[in-house]
Number of protein chains: 2
Amino acid sequence: MAKEISMQALQRLPLYLQYLRTLPVGKDTTISAKALGTVLGFGEIQVRKDLSAVSDGGKPKIGYGAESLIRDIECFLGYDNLSDAVLIGAGKLGKALLSYDGFRTYGLNIVAAFDSDPLKCGTDVSGKLILPLERMDNLCERMKIEIGIITVPASAAQQVCDRLIRSGIKAIWNFAPTHLSVPEGVILKNENIAASLAVLSKNLAEKERRS
Amino acid sequence: MAKEISMQALQRLPLYLQYLRTLPVGKDTTISAKALGTVLGFGEIQVRKDLSAVSDGGKPKIGYGAESLIRDIECFLGYDNLSDAVLIGAGKLGKALLSYDGFRTYGLNIVAAFDSDPLKCGTDVSGKLILPLERMDNLCERMKIEIGIITVPASAAQQVCDRLIRSGIKAIWNFAPTHLSVPEGVILKNENIAASLAVLSKNLAEKERRS
DNA sequence: TAGATTGTTAATCGATTAACAATC
DNA sequence: TAGATTGTTAATCGATTAACAATC
């Protein structure tokens, strides 16, 4: 089990995990790098290299034990202890994220949502309470929340971001379609729907041009 | 204006565009590579290299004309002619995407949504009609739709994907948290929320470890 | 044992950055 | 002109892939 992992390999780990979790549970379910790669569309050497960063449970001739590999990836990604997060902006996208049960299996626990609309406040989306924005700062500080998920309109995003950081947030997950600036030391991850779309469109156009 | 562009550069183009569109409109608004880079957190050489792939409008000492640069990027990404798409799965995420006006400015036009739930059918989300799944195949074929957006639960995703492909869809944008397999020649773009989260979590854990 | 499979070191490939010439 | 800025060619860096030794 090596120490170094590339950024790209890191992003592939959840995909391995996703697939492994669909496998039938059983003490001795095993899978080879080749089989994993075939399913996910990766080369087998790449799979082995990726997995070598998180696990040393691979056995020649046999492959990887599915259960132990799942545990190793979860452990490497820190999914074994949940991180608390708050979500700001209970619009359609915000509600969709609040309702997504899957986050728990990826180590994220959204403890509450905030919205500036008084009509939304007090209501509940999939068991998560929507609170007035005024209570955000206090709750973040009190609970030492480290992750803030921004799903407000682009025009309000920077303001919300600044406020989260003042409340001690260490990492921002930004779904608003705008660039945010954060001080040194705060982690910013932009969710980038337009970038994905660009890749898809370009591939499609390319394909059409060729045919 | 070169021909080649790297995958990563391609994904940065929408970010440039996003920022440029916030600039005050004016025939002679200009911006330098350095200024663009500072705002978006990229190096100035990278910005120049990226932009050289799409534009030849940069002028020494002056920079790039904002309006013409916007046009060049839009043209390069094919945003000047809208692509029609259908969306399958009018759950919370599906509705959020249907309501997102921004797609039009990124060259995507969702013409209709489909859902297997009869209660949802006939209703309308932000002006997009939700239709019964049975009508999907026919509409895709008739309108020669090329892009399918999948927002159904993971368990139904592969089935929906196969059906879209049978109806002539050329590109799949998958938001379901599962891996899909598509035949050679069909473009698949997985939207990968767990992968982003992994990067964020890892950076956060890394930061904590260091301090 | 032979064959399948892992894990690692070295080679290749692609993307970023540095250096610098061109130009307004 | 001098200085700022673009655009390109060459060098560096990082990620992927190939080759191969280790092992069950």
Side-chain angles (χ1 to χ4, degrees), chain A residues 1-16 20 28-70 72-73 76 192 195 198-199 202-203 206, chain B residues 1-16 20 28-70 72-73 76 192 195 198-199 202-203 206:
Chain A
M1 170 154 47
K3 296 270 170 53
E4 294 297 333
I5 188 166
S6 74
M7 192 66 105
Q8 342 276 312
L10 176 57
Q11 298 190 64
R12 283 189 294 268
L13 290 178
L15 305 181
Y16 296 121
L20 290 168
D28 22 308
T29 307
T30 61
I31 187 159
S32 72
K34 190 170 185 179
L36 252 177
T38 303
V39 171
L40 297 174
F42 305 148
E44 62 168 316
I45 300 160
Q46 185 170 67
V47 174
R48 275 206 295 277
K49 184 121 192 193
D50 289 351
L51 298 185
S52 73
V54 301
S55 164
D56 46 12
K59 290 208 181 58
K61 183 108 192 226
I62 293 167
Y64 301 84
E67 283 196 353
S68 71
L69 190 51
I70 290 174
D72 288 340
I73 296 177
F76 185 88
N192 218 326
V199 173
K202 200 68 193 169
N203 286 344
E206 194 67 18
Chain B
M1 172 154 46
K3 296 271 169 55
E4 294 300 331
I5 188 167
S6 75
M7 195 64 108
Q8 342 275 314
L10 176 57
Q11 297 190 64
R12 283 189 294 268
L13 290 178
L15 305 180
Y16 296 121
L20 290 167
D28 21 308
T29 307
T30 61
I31 187 159
S32 72
K34 190 173 188 177
L36 252 177
T38 303
V39 171
L40 297 175
F42 304 147
E44 63 169 316
I45 299 160
Q46 185 171 65
V47 174
R48 273 206 294 280
K49 184 121 190 190
D50 289 352
L51 297 185
S52 74
V54 302
S55 164
D56 47 11
K59 290 207 181 60
K61 182 105 190 230
I62 292 166
Y64 301 83
E67 282 197 353
S68 70
L69 189 51
I70 289 174
D72 288 340
I73 297 177
F76 184 86
N192 218 326
V199 174
K202 200 70 193 166
N203 286 343
E206 193 68 17

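Throughout, protein chains are lettered first and strands after them, A, B, ... in sequence-line order, and every chain is numbered starting at 1. Atom set for the values below is all heavy atoms of this structure, side chains included, hydrogens, waters and symmetry mates excluded. What you are looking at is a predicted structure, and each value in this text was computed from that prediction instead of being measured.
Using a 4.0 Å heavy-atom cutoff across all strands shown, K34(A) reaches no nucleic acid atom at all. Among the heavy atoms of the strands lying under 4.0 Å from G63(A) are primed sugar atoms or P, OP1, OP2 only; no base atom is included. Backbone-only contact: A33(A) has heavy atoms under 4.0 Å from sugar-phosphate atoms and none from a base. Within the nucleic acid shown, G58(B) comes within 4.0 Å of sugar-phosphate atoms alone, with no base atom in reach, counting heavy atoms only. K59(A) comes within 4.0 angstrom of sugar-phosphate atoms only, judged by non-hydrogen atoms across all strands, and of no base.
The partner of dT12(C), taking Watson-Crick or G-U wobble pairs whose two distances both stay under 3.5 Å, is dA15(D). Nucleotide dA21(C) is matched to dT6(D) when pairs are restricted to Watson-Crick or G-U wobble geometry with both distances under 3.5 angstrom.
You'll find that the side chain of P60(A) is closest to dC24(D), out of dT16(C), dC24(D), dT17(C). Closest to the side chain of Q46(A), from the set dT8(D), dG3(D), dT16(D), is dT16(D). Checked against dT6(D), dA4(D), dG3(C), the side chain of S32(B) finds its nearest nucleotide in dT6(D). When distances run from any side-chain atom of I45(B) to the nucleotides dT16(C), dT16(D), dA18(C), the shortest one goes to dA18(C). For S6(A), whose side chain is taken as the heavy atoms from C-beta onward, the closest listed nucleotide among dA15(D), dT8(C), dT5(D) is dA15(D). Distance from the side chain of M7(B) is smallest to dA15(C) among dA15(C), dA19(C), dC24(C).
To the nearest 0.5 angstrom, L20(A) atom CG is 10.5 Å from T29(A) atom OG1. Atom CG of D50(A) is separated from atom OG of S55(A) by 12.0 Å, given to the nearest 0.5 angstrom.
For the pair G43(A) and I62(A), nearest-nucleotide mapping onto DNA chain D gives the more 5' position to G43(A).
Protein atom CD1 of I31(B) is 12 Å distant from nucleotide atom P of dT5(D), rounded to whole Å. Atom pair E44(A):CD and dA4(C):P shows a separation of 12 Å (rounding to whole Å applied). Across the protein-nucleic acid pair, Y64(B) atom OH and dA4(D) atom P stand 17 Å apart, rounded to whole Å. dG14(C) atom P lies 14 Å from atom CD of Q8(A), rounded to whole Å. Between the CG atom of D56(A) and the C1' atom of dT8(C) there is a distance of 14 Å, given to the nearest Å. Atom CD of E4(A) and atom P of dA15(D) are 9 Å apart (whole Å). Atom CG in L36(A) sits about 19 Å away from atom P in dA4(C), given to the nearest Å. Taking atom NZ of residue K49(B) and atom C1' of nucleotide dG7(D), one finds them 10 Å apart after rounding to whole Å.
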For this session: Report the C-alpha separation of F42(A) and L15(A) in whole Å, then their side-chain angles, then the decisive distance to 0.1 Å, and conclude whether the side-chain contact (heavy atoms from CB on, under 4.5 Å) test is met.
Result: CA-CA 11 Å; F42(A) 305 148; L15(A) 305 181; 3.9 Å; yes
Problem set entry | Full working for side-chain contact (heavy atoms from CB on, under 4.5 Å) between L51(B) and L36(B) | CA-CA 11 Å; L51(B) 297 185; L36(B) 252 177; 4.0 Å; yes
For this session: Starting from the C-alpha separation in whole Å, work towards a yes-or-no answer on side-chain contact (heavy atoms from CB on, under 4.5 Å) for L13(B) and I5(B).
Result: CA-CA 10 Å; L13(B) 290 178; I5(B) 188 167; 3.6 Å; yes
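R48(A) has no side-chain polar atom (N or O) that falls below the 4.0 Å cut-off from OP1 or OP2 of dA19(D).
Comment: E44(B) engages R48(B) in a salt bridge, judged by a side-chain N to carboxylate O separation of less than 4.0 angstrom.
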